[in-house]
Amino acid sequence: MTEAGYIKRISADTYQSQNRGGKGITAMTTREEDLVNNVYVVNSHDFLLLFTNQGRVYMKKCYEIPEAGRTAKGTNMINILQLNPDEKVTSCITVPTLELEDTYLTMITKFGVIKRSRVSDFKNMRKTG
């Protein structure tokens, strides 16, 4: 996931261990002003909880994220989620299942407001967040 809002899915066997003195391989090409924000190692059937700057959360299965090549830029989040024009994804959490009754997410705002929610509360999610 990049700061400009691009996301892609890539197979883990694309990458390999680097030998001594090697240069390594390029993981992702981005524009000069765009940076890779997060890299997650997940299974295809895990859930992505995507939180936005307007307090909404979207849920996607990992296999619903379009697969791209190693050097591809990825797909813009606007094409995957039904975001408002001034809305952007600020953080992402991966969970293996939403059936966990005793697992919680704790969210803290920059003004000190804390909220604790059960992971199972995110089970019945609309497409619009």
Side-chain angles (χ1 to χ4, degrees):
M1 199 163 75
T2 68
E3 286 186 13
Y6 287 91
I7 190 169
K8 73 175 179 177
R9 177 173 55 101
I10 191 165
S11 176
D13 62 357
T14 304
Y15 300 102
Q16 59 192 10
S17 175
Q18 181 176 329
N19 292 329
R20 189 179 77 168
K23 182 181 173 190
I25 57 174
T26 304
M28 184 175 183
T29 57
T30 59
R31 287 183 276 154
E32 193 169 315
E33 63 273 359
D34 193 14
L35 300 171
V36 176
N37 214 5
N38 294 312
V39 176
Y40 302 102
V41 179
V42 295
N43 293 324
S44 295
H45 292 281
D46 288 352
F47 291 93
L48 287 176
L49 295 176
L50 302 152
F51 295 89
T52 68
N53 60 343
Q54 293 184 350
R56 293 168 62 186
V57 61
Y58 295 90
M59 179 185 61
K60 284 287 184 189
K61 287 281 228 171
C62 289
Y63 64 78
E64 293 176 337
I65 304 298
E67 193 164 354
R70 179 176 55 85
T71 58
K73 183 169 52 172
T75 306
N76 200 331
M77 294 270 199
I78 296 171
N79 299 331
I80 298 171
L81 306 172
Q82 295 180 1
L83 297 173
N84 291 333
D86 55 346
E87 190 173 24
K88 72 177 209 169
V89 175
T90 56
S91 65
C92 176
I93 296 176
T94 61
V95 289
T97 181
L98 296 175
E99 303 296 325
L100 304 170
E101 288 293 327
D102 59 342
T103 304
Y104 295 91
L105 292 177
T106 303
M107 296 167 266
I108 304 169
T109 67
K110 68 179 179 181
F111 296 115
V113 178
I114 298 175
K115 179 174 179 160
R116 186 176 85 162
S117 302
R118 282 195 170 100
V119 172
S120 61
D121 290 345
F122 297 101
K123 253 191 308 199
N124 302 321
M125 187 84 56
R126 294 187 206 132
K127 277 182 150 180
T128 58

Could you tell me whether the side chain of S117 and the main chain of L105 form a donor-acceptor pair under 3.5 Å?
no
Test of understanding: clusters of I, L, V, M, F, W, Y form through side-chain heavy atoms closer than 4.5 Å, transitively. Do L48 and L83 belong to the same one?
yes
If you take all heavy atoms of P96 and D46, which pair is closest and at what distance?
CA-OD1, 3.5 Å
Taking K8 first and then E67, would you say they form a salt bridge - that is, a charged N and a carboxylate O separated by under 4.0 Å?
no
Report yes if some heavy atom in the side chain of C62 is under 4.5 Å from a heavy atom in the side chain of N43; otherwise report no.
no
Determine, for F47 and K60, whether the Lys NZ or Arg CZ falls below 6.0 Å from the six-membered ring centre while staying within 45 degrees of the axis.
no
Go through the steps to decide whether K88 and T52 satisfy the test side chain to side chain contact (heavy atoms under 4.5 Å, CB included), and finish with yes or no.
CA-CA 5 Å; K88 72 177 209 169; T52 68; over 6 Å; no
Tell me the closest heavy-atom pair linking G129 and R56, and the distance in Å.
N-NH2, 4.3 Å
Is it the case that one hydrophobic cluster holds both V95 and M125, taking links as side-chain heavy atoms less than 4.5 Å apart, direct or via other members?
yes
Can you hop from F122 to I93 via hydrophobic side chains spaced under 4.5 Å?
yes
Cluster check L98, V57: I/L/V/M/F/W/Y, side chain < 4.5 angstrom:
yes
Could you note down all residue pairs passing ring pair (Phe, Tyr, Trp, His ring centres under 6.0 Å) where residues 61-119 supplies at least one of them, sequence neighbours left out?
H45-Y63
With no hydrogens and no angle check, is any side-chain donor or acceptor of Y58 less than 3.5 Å from a backbone partner on Q82?
yes
Start with the C-alpha distance between N84 and Q54, add both sets of side-chain angles, then the distance that settles side-chain hydrogen bond (donor to acceptor under 3.5 Å, both in side chains), and finish with yes or no.
CA-CA 9 Å; N84 291 333; Q54 293 184 350; 3.2 Å; yes
Is it the case that the side chain of Y6 and the backbone of V36 share a donor-acceptor pair, with hydrogens and angles ignored and the cut-off at 3.5 Å?
no
Considering non-hydrogen atoms only, spot the tightest contact between R118 and E101 and give its length.
NE-O, 3.1 Å
Closer than 4.0 angstrom, basic N to acidic O: yes or no for R9 and E64?
no
Closest non-hydrogen atoms of I80 and I7, given as atom of the first, atom of the second and distance, are CD1-CG2, 3.4 Å
Where do R116 and M107 land on the side chain to side chain contact (heavy atoms under 4.5 Å, CB included) test, with the steps shown first?
CA-CA 6 Å; R116 186 176 85 162; M107 296 167 266; over 6 Å; no
Is there a side chain to side chain contact (heavy atoms under 4.5 Å, CB included) between K123 and E99? Walk through the geometry before answering.
CA-CA 7 Å; K123 253 191 308 199; E99 303 296 325; 3.4 Å; yes
Cluster check I65, V89: I/L/V/M/F/W/Y, side chain < 4.5 angstrom:
yes
For residues G5 and N76, report the shortest heavy-atom separation together with the two atoms involved.
O-OD1, 3.1 Å
